[in-house]
Amino acid sequence: MFRPRSIAVVGASGDPEKLGGRTLLHLKELGYQGRIYPINVSATEVQGLPAWRSVADLPETPDSALILLPAALVAKAIDDCAAKGVHHVQVLSSGFAEEGGEGVALQARLAEQARALGIRLTGPNCLGSISPPDGFFGTFSSLLATAKPPPGSVGVATQSGAYGSHIYAVAGFRGIGISRAIATGNEVDIDVAEAIDYLVDDPGTRVICASLEGCSNGDGLRRALLKAAAARKPVIIMKVGSTEVGAAAAATHTGSLAGEDRVIDTVFHECGALRVSSIEEMLDVAYLCSIAPLPPMESAGVLSVSGGIGVLMADACVEAGLAVPPMSAEVLAEIHAVQPMAAGCNPIDTTAQLAGRLHVIETISQAMMRGADLGAAMFYLAHLGRDMQRFPKIEGAFLALRRNQPDRTVVAVMTHVDEVRLRLEAEGIPVFEDPTRAVRAVAGAARLRRLQQDAEAVPAIAPAAPLGLTIANEAAAKALIARAGVPVLPEEACATAEAAVAAADRLGYPVVMKILSDDIAHKTEVGGVMLNIADGDGVAAAFAALMQRARAARPDARLDGVLVAPMMHGGVETIIGTLRDPVFGPMVMFGLGGVAVELFRDVAFASAPLTPKRAEALIGASRGAALLKGWRGGPPLDQAALVETLCALSRFAAAHAGEVASVEVNPFLVREKGAFALDALVVFSAAGGGH
C-alpha cells in the first residue's frame, strides 16, 4: 500500500483534471521511484507513459493497483488484477454504498468478490494512500497540485478522504511531517482499526492521528488501540457524528443516556487513546508528541516575561486539567537571587526586565524543575524567537534544560522565524505561538501518558446458560439480578388488596407500593408508585388507586397486581445499569439516580465485565461520586458494596450478552451500611425471545 515497487493505475487519463489523470500525474511528478503502468482501454500512451488495455496485458505483476473507473466497471478490473496475481487494490471510485440504492448491493458484491479472490481491498470511495518518505502519493487529492506534505513521523488513518487530506494539508503548512496516511473510505475490507494496527508496527511512525465516522469492527479497534498503548505510541483520535444505540436499549434510561458516542468515548479512553474535538487540537497534540517526550505527570510550571500571559497560561492549565504547583521557598529564593524583580511562585513572572538579563534564564529554568513535581515546563518569551541576535543568548539554556530533564516536556511559546523553530525542534523542544494552544497540547500529551498507563484489555468471560425468560416485570427483574449478586430488599408481589395488606404487615410499615406489569416499563409515567404508606387502610386504598391509574393510562396493559416493599430512607440514590452496544458489546453505567439522572445526566460508562479497580474508576468518573464520600459533614457511604454490585452486574451482562439487551437498576440506594436495588428493569433481545 505504501511502498509498492510497481503500481497499475486502472482508469488512467491524459487529462489531469480527471481523477484518473490527476492520480497518475501525482505518481509521475512527486518523487515516486517505482514503475507506473497506466491502464486505459483506448490509448497506447498516457501522459508520456506506455499504456495497456488491461492489467492482464502488463509485462509484470504490479505490487498494487489503484482503480479509478465507474462503479459498474470495478468488478471486472478486480477480476483482472486477481488473474494477474495482484494482492492489493485501492478502489478510489465512488458510486457504492455512500449513494444508497443499487450502490449498497454493488458494494456487498464487491466485498464478497475480494474475499473470494483473496485480494486485500481499500475502499471503495476512498482517497487512497500516501507515504511522503518514499515519495509515494497514490491519491487524486487536489492538495498535491499546490503543496506536498513533507516526510515526518505522524501517521494518519481516516475513513473520510477529505478529512484526511485536510489533516495532512494543515500538518504540512505547520511543518508537521507525515510518515504514512490512508483514507479507508467505505471499508469493505481494510478499516481504520487495521490501519492503526499497521502504524503501530511502522518504525517510521511515532504518533498516530485517526478519524472515525462509524465503526463496525469493535474488537479490532480495541485490539489496535491497546497495542498502541502497550507500545507507548500515542493515538489521537476523533469520532464525528453520534446515533442512538438502538431501539431495544433505548427502552431504558441507560440506553438513551449512552448513545453510540458515549460508548465509543469510553472505549477510546479504556484503550489508551486521546479523543479530541477539533483538527487544530489533534495536530497540536500530535506535533508535541512527535518532538518531545510525553509529560510524566499532569502538572506544569510556567515562566513568563509577561504577568498577564502567565496568568492566562495558569488559568488554561487548570481548565485543561493540569496542576500548577507552587515552587518551594528555597527555589524561589534561588530565583530571586538572580532576578530580584521576579514575582509569583508558579507562574513565575520575570517581568520584561529579563530582556537585559537573558543570561539568568538557565539558572531560573533549572531551579524551576527542581522546585516542584512538574511534568512540563512552558516558557513564554514574547518575540525572542524572531530576534536572531538575542535568541542565541537563551538557546543554550533551553538545550541544557532539555538535556538535564530528558523525561520532562519543555515548550517554548513565542513568535518565531522558521530557523529558530527548527533548531529547537531538532533538540526535542516544541515551539508554539499561541499560549493557550501550547497549554492544551501539553495537557493532551500528559493525559495520553496516563491513558496509556491505565489501558488494559477487558477480561474475558464465558457465556452462561440461557435464561429462558420472557417476563420482565419488576418482581421478575429483581429476582433475576438478585441471583446475579445484586442486593435487593425483601418484597412481595400481591394480586389483591387483601394480599397487599398482609404483605405490608409482615414487612413492616411504612411501605412503598408499585404497579406490577410486564407491559409498563416506567411506572412513574402512569402514576404507578406510591410512597410512605403507613397502615393497612392506606395499603388497601393505594392498591385500588394504583390499579385504577394503570388501567386509565394503559388500558391495553396486562396488570399482575402490585409490589409491596419496605420504605427506605437515607443514603444516596444512584443508577446502575448495563446495555449491549451493537459494536462494542456489553457496557456498564453508573451515575446519580432517581430523577437526577434525567436532570443532570451525570453518568459514566465502562466495558463489561468490570474488575474492582475498574469499577472504582467508573464510580470516580461521575461527578456525583463525591456524595458517596460524605458530603458536608455526612457519613461516608458503603462504596465497597457499590463496587461489588457493579462487578456482579457487569459479569451478568457479559455472560448473557446474547440474550439481555439492557438492565436498569434505578434507584440503587447506597447507604452508610449496605446498598439495595429499589427498582429494576430488564430488557431482553429479540434473539433471546424476551421482552
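Around atom NE2 of H336, more than 12 heavy atoms belonging to other residues, nucleotides or ligands sit under 6.0 Å away. By the neighbour-count criterion of 12 heavy atoms within 6.0 Å, atom CZ of R5 is sparsely surrounded, having that number or fewer from other residues, nucleotides or ligands. No more than 12 heavy atoms of other residues, nucleotides or ligands lie within 6.0 Å of NZ in K18, so this atom counts as exposed by the packing criterion.
Counting only heavy atoms from C-beta outward, the side chains of I264 and V583 never approach each other to under 4.5 Å. Side-chain atoms of I178 and V156, non-hydrogen and from C-beta on, do get closer than 4.5 Å to each other. The closest side-chain heavy-atom distance from R262 to V603 is below 4.5 Å. The shortest distance between side-chain heavy atoms of P295 and R408 does not fall below 4.5 Å. Put simply, the side chain of L294 does not reach to within 4.5 Å of the side chain of R232, judged on heavy atoms. For the pair D201 and D197, the minimum side-chain heavy-atom distance is below 4.5 Å. You'll find the side chain of I7 stays beyond 4.5 Å of the side chain of D63, heavy atoms only. Two residues are said to be in side-chain contact when any heavy atoms from C-beta on lie closer than 4.5 Å; M327 and I348 meet this criterion.
For the pair E330 and R370, the salt-bridge criterion is not met [side-chain N within less than 4.0 Å of a carboxylate O]. A salt bridge does not link D15 with R22: none of the charged nitrogens is closer than 4.0 Å to a carboxylate oxygen. With respect to the salt-bridge test (charged N to carboxylate O, under 4.0 angstrom), the residues E427 and R423 do not qualify.
Between the side chains of S129 and Q90, a donor-acceptor pair is found at a separation under 3.5 Å.
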Show your working on side chain to side chain donor-acceptor pair (under 3.5 Å) between S290 and S153 and close with a plain yes or no.
-> CA-CA 7 Å; S290 69; S153 61; 4.5 Å; no
Would you check, one step at a time, whether the test side chain to side chain donor-acceptor pair (under 3.5 Å) holds for R180 with S131?
-> CA-CA 5 Å; R180 314 269 189 260; S131 180; 2.7 Å; yes
Let me see the working for V411 and I429 under side-chain contact (heavy atoms from CB on, under 4.5 Å), right down to the final yes or no.
-> CA-CA 6 Å; V411 177; I429 300 173; 5.8 Å; no
Under the side-chain contact (heavy atoms from CB on, under 4.5 Å) criterion, do V207 and K233 qualify, and how do the steps go?
-> CA-CA 6 Å; V207 182; K233 189 167 284 192; over 6 Å; no
Begin with the C-alpha distance, continue with both residues' side-chain angles, and end with the deciding distance and a verdict on side-chain contact (heavy atoms from CB on, under 4.5 Å) for R437 and R440.
-> CA-CA 5 Å; R437 286 174 62 180; R440 290 174 180 167; 5.6 Å; no
Could you walk me through whether I196 and L225 pass side-chain contact (heavy atoms from CB on, under 4.5 Å), step by step?
-> CA-CA 7 Å; I196 292 172; L225 295 179; 4.1 Å; yes
Yes or no on side chain to side chain donor-acceptor pair (under 3.5 Å) for H88 and T122, after CA distance, side-chain angles and deciding distance?
-> CA-CA 8 Å; H88 172 253; T122 309; 3.1 Å; yes
Would you check, one step at a time, whether the test salt bridge (Lys or Arg N to Asp or Glu O under 4.0 Å) holds for E425 with R421?
-> CA-CA 6 Å; E425 288 174 353; R421 174 180 61 82; 3.1 Å; yes
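Between the side chain of K239 and the backbone N or O of D261 there is no donor-acceptor pair closer than 3.5 Å. With hydrogens and angles disregarded, a donor-acceptor distance shorter than 3.5 Å links the side chain of T139 to the backbone of L127. Listed for the S622 side chain is no donor-acceptor partner under 3.5 Å among the backbone atoms of I619. For Q159 (side chain) and E213 (main-chain N/O), a donor-acceptor pair under 3.5 Å exists by modelled atom type. Between the side chain of T184 and the backbone N or O of I190 there is no donor-acceptor pair closer than 3.5 Å. For the pair N346 (side chain) and V302 (backbone), a donor-acceptor distance under 3.5 Å is present. E281 places a side-chain N or O within donor-acceptor distance of the main-chain N or O of S277, the cut-off being under 3.5 Å. For the pair H269 (side chain) and L451 (backbone), a donor-acceptor distance under 3.5 Å is absent. In terms of modelled atom types and a separation under 3.5 Å, the side chain of Y287 and the main chain of V431 share a donor-acceptor contact. In this structure, the side chain of R386 does not engage the main chain of T415 through any donor-acceptor pair within 3.5 Å.
Cation-pi geometry between R3 and F136 is not met: the NZ or CZ atom fails to fall both under 6.0 Å from the ring centre and inside 45° of the normal.
From K393, atom NZ reaches atom CG of D387 across 8.5 Å, with rounding to the nearest 0.5 Å. Note: T436 OG1 to L312 CG = 4.0 Å, rounded to the nearest 0.5 Å. In this structure, E270 CD and R222 CZ are separated by 6.5 Å, a value rounded to the nearest 0.5 Å. How far CD1 of I236 is from CG of L274: 6.5 Å, rounded to the nearest 0.5 Å. To the nearest 0.5 angstrom, I364 atom CD1 is 14.5 Å from M369 atom CE. Between the CG atom of D581 and the OG atom of S607 there is a distance of 9.0 Å, given to the nearest 0.5 Å.
Between P406 and P293, the closest heavy-atom pair is O-CG, 3.5 Å. Of all non-hydrogen atoms in M368 and V331, the two that sit nearest each other are N-CG1, 4.3 Å. Residue P325 comes nearest to A372 through the heavy atom pair CG-CB, 3.9 Å, listed as atom of the first residue, atom of the second, then distance. Closest approach of A412 to L424, counting heavy atoms only: CB-CD1, 4.2 Å. Of all heavy-atom pairs between P149 and L143, the closest is CG-CD2, 4.2 Å. Of all the heavy atoms in L226 and A455, the pair that sits closest is CD2-CB, 4.0 Å.
Below 30°, between 30° and 60°, or above 60°: for F2 and Y198 the angle between ring planes is below 30°, a parallel geometry.
Residues F379 and F398 bring their aromatic ring centres within 6.0 Å.
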